[in-house]
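Lettering follows sequence order; numbering is per chain, from 1. Predicted model only: the values in this text are computed from it and were never measured.
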Amino acid sequence: MSEFPEPPMPEDDLPEQMRVRREKRDRLIADGVEPYPVEVPRTHTLGEIRATYSDLPADTSTGAEVGVTGRVMFMRNTGKLCFATLREGDGTELQAMLSLAKVGQDALTAWKADVDLGDHVFVRGEVITSKRGELSVLADEWRLTSKALRPLPVAHKELAEETRIRQRYVDLILRPKARDVVRTRANVTRALRDSFHRRGYTEVETPMLQTLHGGASARPFVTHSNAFDLDVYLRIAPELYLKRCVVGGIEKVFEINRNFRNEGSDSSHSPEFAMLEYYQAYATYDTIGVLTREIVQEAAEAAFGSQVVTLADGTEYDLSGEWSALTMYGSLSDALGEEVTPDTSVEKLRAFAAARELEVDPKLGHGKLIEELWEHLVGSKLHAPTFVRDFPLETSPLTREHRDQPGIAEKWDLYVRGFELATGYSELVDPVVERRRLTEQAKLAAGGDSEAMRLDEDFLRALEYGMPPSGGAGMGVDRLLMALTGLGIRDTILFPLVRPE
RNA sequence: GGGCCGUUAGCUCAAUUGGUAGAGCUGCGGACUUUUAAUCCGUAGGUUCCGGGUUCGAGCCCCGGGCGGCCCA
């Protein structure tokens, strides 16, 4: 660092606490002390020392010499004896002690003058326990390993939510739970991958930059390729590419990656979110539903050691065993007290909505009306994990029509704690029907429905080579984390999109 | 897109009817060789989000804007 010029910030404008820290850095460099050394002789992690010396009585000397590092999270300086709590990456803490008798006057004075809360330090010394029994390293020598120029927020008050999200690094420093979420997420995604690999699935990465956006109904982000002089879309779903894989003979295929939807952002929607999709030849929406339940249960088991998880509010949520299932038309009929079927007229559905003071877009057709009514009257009330089966065909253009019931699609949605976690299908593989459905959607798009899909000729060509009967499903990975932890989406995503300050 | 609420010191928050902007922690100076959010003494720290208006006087009232949260679509 010392070879670089002074920081560009005008020092006069800095808050006092930052000015003081900058001046310490500058003074150290002027005195020939490197505040950002390239390497320090660390011999043990704090965790290793805690593990090795877990049961020492108070006021013990071990004779063991170690070199440790950590961020200073707590300090107590008295006249001739100083204490500091060091914390390392996984949250393990260990106390460092500096006594006049051991380090000498110069090193003790320098410690008091140079070290602030939040600094990284190296301490070499003997492993002991204090008179109060605290496992400590009694320093023979210490040095700065990284000078912090900004003061940490106070540790005893909760950080404002906005600061937590905008400055996640500060959140991670201060809040062990924030680090737990990151590790839980890693455990969950690893569990998902393990579950699929165990079942003989192949993981692929399909295009995020697409010239046509398909596979879902959502508004895309648009960007531009200079090399091709072409507007391209950030994908809204990987579905059409994963089906191309199945056509090509990759009969069990999955992808975990990001989707982008240029739509609202709230406590359960993020413009950029992690999606899991999986397709299997010779599966149906029944077998893919069983698979879905198993991978969620395996993820809970891997992350928490149990299929009964404890949520952020302290309540328990049971994901074990079989999950209940209901049909969309059946459960909606029950909620309305009147039978609705794929033949129920749009006028009648509008009347149901009006009678319940539910405002609906007058442009909505039968399928959308059914889904709106269902979501309002049934979906939002579902708490236990529940498969909702057999959707209106017209709103499921990529789904096979029910084998026995015309007008209904072999599709389910998985509801967990009142929100949609996953959706699965018996895939439509007849290229002629598929072309007809996609063309209808494209016509709607031309009519101004921005959520309708455009025609993907290459995808249809792939289907025309013959896709085996298949089941497929998609699951929001962020939402899986929400389901398992009870957190909002902005706390399951490390760095969610926020407006610039 | 609409409605409501919030925005004040490094952090978390106060501020009566419109009348000198405060506290705790943090910081700075000092005392203390066993501290765990130590204790004690002293002390500093503010463009009250931004711009305009009303007023003798605005953190507070009015108008516009920014950012955020909640609810609704």
Side-chain angles (χ1 to χ4, degrees), chain A residues 9-24 27 56-61 72-87 93-105 107-109 111-119 125-126 128-139 147-167 169-171 173-175 219 262-269 353 357-364 368 372 375-376 380 450-451 488-491 496-501:
Chain A
M9 286 183 78
E11 308 250 329
D12 294 345
D13 289 356
L14 289 175
E16 184 198 19
Q17 295 187 46
M18 287 184 60
R19 203 186 66 238
V20 166
R21 287 168 182 246
R22 259 164 221 272
E23 285 166 359
K24 287 183 182 177
R27 172 171 53 71
L56 294 183
D59 212 6
T60 304
S61 300
V72 176
M73 297 306 292
F74 177 82
M75 285 180 78
R76 199 60 65 207
N77 292 344
T78 68
K80 301 188 181 70
L81 182 64
C82 298
F83 301 88
T85 301
L86 309 186
R87 182 188 285 173
E93 295 186 340
L94 190 71
Q95 179 166 272
M97 293 170 61
L98 293 91
S99 77
L100 176 63
K102 273 277 187 182
V103 294
Q105 189 61 60
L108 191 71
T109 304
W111 172 271
K112 291 185 194 178
D114 299 347
V115 178
D116 293 301
L117 278 176
D119 290 354
E126 184 186 0
I128 63 158
T129 53
S130 72
K131 285 180 183 167
R132 297 287 180 87
E134 187 75 38
L135 187 62
S136 309
V137 173
L138 179 61
K147 180 73 197 163
L149 296 187
R150 288 179 184 271
L152 289 176
V154 292
H156 315 293
K157 292 279 187 176
E158 204 161 289
L159 209 54
E161 188 186 357
E162 189 180 351
T163 312
R164 286 214 324 263
I165 292 170
R166 282 191 189 273
Q167 294 178 254
Y169 38 88
V170 175
D171 189 28
I173 290 169
L174 289 178
R175 207 164 52 94
R219 201 169 300 136
N262 204 346
E263 297 180 342
S265 175
D266 59 36
S267 58
S268 64
H269 295 81
E357 293 179 352
L358 176 62
E359 282 185 37
V360 291
D361 188 331
K363 291 199 293 285
L364 296 187
K368 281 279 186 193
E372 285 276 325
E375 174 59 41
H376 191 253
S380 56
S450 62
E451 285 195 351
I489 200 165
R490 276 187 303 273
D491 274 318
L497 181 64
V498 285
R499 248 176 238 284
E501 286 167 87

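Rounded to the nearest Å, the gap between the P atom of B/U16 and that of B/A23 is 16 Å. B/G10 sits 7 Å from B/U26 when the C1' atoms are compared, rounded to a whole Å. Comparing the C1' positions of B/A9 and B/C13 gives an interatomic distance of 11 Å, to the nearest angstrom. Remark: the separation of the C1' atoms in B/A37 and B/C25 is 8 Å, to the nearest Å. The same atom, P, is picked in B/C63 and in B/C4; the two are 11 Å apart, to the nearest Å. Separation of the P atoms belonging to B/C60 and B/G45 is 23 Å when rounded to the nearest angstrom. Using atom P as the reference point in both B/G57 and B/G53, the two lie 12 Å apart (nearest Å). For B/U55 and B/U17, the C1' atoms lie 15 Å apart once the distance is rounded to whole Å.
Here the shortest heavy-atom pairing between A/Ala58 and A/Thr129 reads C-OG1, 3.3 Å. Nearest approach of A/Lys24 to A/Val115, heavy atoms of both residues: NZ-O, 4.5 Å. Of all heavy-atom pairs between A/Lys112 and A/Cys82, the closest is CE-SG, 3.8 Å.
In this structure, the CG atom of A/Leu81 is 5 Å from the C1' atom of B/U33, given to the nearest Å. In this structure, NZ of A/Lys157 is placed 11 Å from P of B/C25, rounded to the nearest angstrom. Between the CD atom of A/Glu93 and the C1' atom of B/U36 there is a distance of 10 Å, given to the nearest Å. Summarising the geometry, the separation between CG on A/Asp171 and P on B/C11 is reported as 15 Å, rounded to the nearest angstrom. The CD-P distance, from A/Gln167 to B/C11, rounds to 8 Å in whole Å. As a whole-Å value, the separation of A/Arg175 CZ from B/C11 C1' is 15 Å. As a whole-Å value, the separation of A/Glu23 CD from B/G27 P is 16 Å. In this structure, A/Arg87 places its CZ atom 13 Å from C1' of B/A37, rounding to the nearest Å.
As judged by a 4.0 angstrom heavy-atom cut-off over every strand, A/Glu158 is placed among residues touching the sugar-phosphate backbone only. Across all strands, A/Ala155 comes closer than 4.0 Å to no nucleic acid atom at all (heavy-atom distances). When heavy atoms are screened at a 4.0 angstrom cut-off, A/Met75 is found touching no nucleic acid atom at all.
Among A/Lys147, A/Arg87, A/Arg150, the single residue meeting the salt bridge (Lys or Arg N to Asp or Glu O under 4.0 Å) criterion with A/Asp119 is A/Lys147.
Here B/G42 sits opposite B/C28 as a Watson-Crick or G-U wobble pair (both hydrogen-bonding atom distances under 3.5 Å). In this structure, B/U17 forms no base pair with any nucleotide, since neither Watson-Crick nor G-U wobble geometry is met with both distances under 3.5 Å. In this structure, B/G59 forms no base pair with any nucleotide, since neither Watson-Crick nor G-U wobble geometry is met with both distances under 3.5 Å. The nucleotide B/G6 finds its pairing partner in B/C67, both defining distances of the Watson-Crick or G-U wobble pair being shorter than 3.5 Å. Nucleotide B/U48: unpaired (no Watson-Crick or G-U wobble partner with both distances less than 3.5 Å). In a base pair of the Watson-Crick type (N1 to N3 plus N6-O4 or O6-N4) or a G-U wobble (N1-O2 and O6-N3), with each distance short of 3.5 Å, B/A23 is matched with B/U12.
Using modelled atom types, one finds no donor on one side chain facing an acceptor on the other under 3.5 Å when comparing A/Thr163 with A/Gln167.
One N or O on the side chain of A/Arg21 and one on the backbone of A/Ala148 form a donor-acceptor pair closer than 3.5 Å. Under a 3.5 Å cut-off, the side chain of A/Ser136 and the backbone N or O of A/Met97 do not form any donor-acceptor pair.
Rounding to the nearest 0.5 Å places CD of A/Glu372 at 6.0 Å from CG of A/Leu364. Interatomic distance, CE of A/Met75 versus OG1 of A/Thr85, reported as 10.0 Å (0.5 Å rounding). Here the CG-CZ distance, from A/Leu81 to A/Phe83, works out to 4.0 Å after rounding to the nearest 0.5 Å.
Comparing B/A37, B/G27, B/U33 by their closest approach to the side chain of A/His156 singles out B/A37. Looking at the side chain of A/Val154, the nearest of the listed nucleotides B/C25, B/U12, B/U34 is B/C25. Distance from the side chain of A/Ser99 is smallest to B/U33 among B/U12, B/G10, B/U33.
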Taking only nitrogen or oxygen atoms into account, show me every contact under 3.5 Å that the protein makes with nucleotides 28-32 of chain B, one pair per line with its distance.
residue : atom : partner : partner atom : Å
B/C28   : OP1  : A/Lys24 : NZ           : 3.1
B/C32   : N4   : A/Asn77 : O            : 3.0

>> I'd like to compare against my own output: the B/S/- annotation of nucleotides 67-73 of chain B with a strict under-4.0 Å heavy-atom distance to protein.
In response: SSSS---
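With respect to the salt-bridge test (charged N to carboxylate O, under 4.0 angstrom), the residues A/Arg27 and A/Glu23 do not qualify.
If you find the closest nucleotide of RNA chain B to A/Thr163 and to A/Ala84, the one lying nearer the 5' end belongs to A/Thr163.
Here A/His376 pairs with A/Leu358 under the side chain to side chain contact (heavy atoms under 4.5 Å, CB included) rule; sequence neighbours left out.
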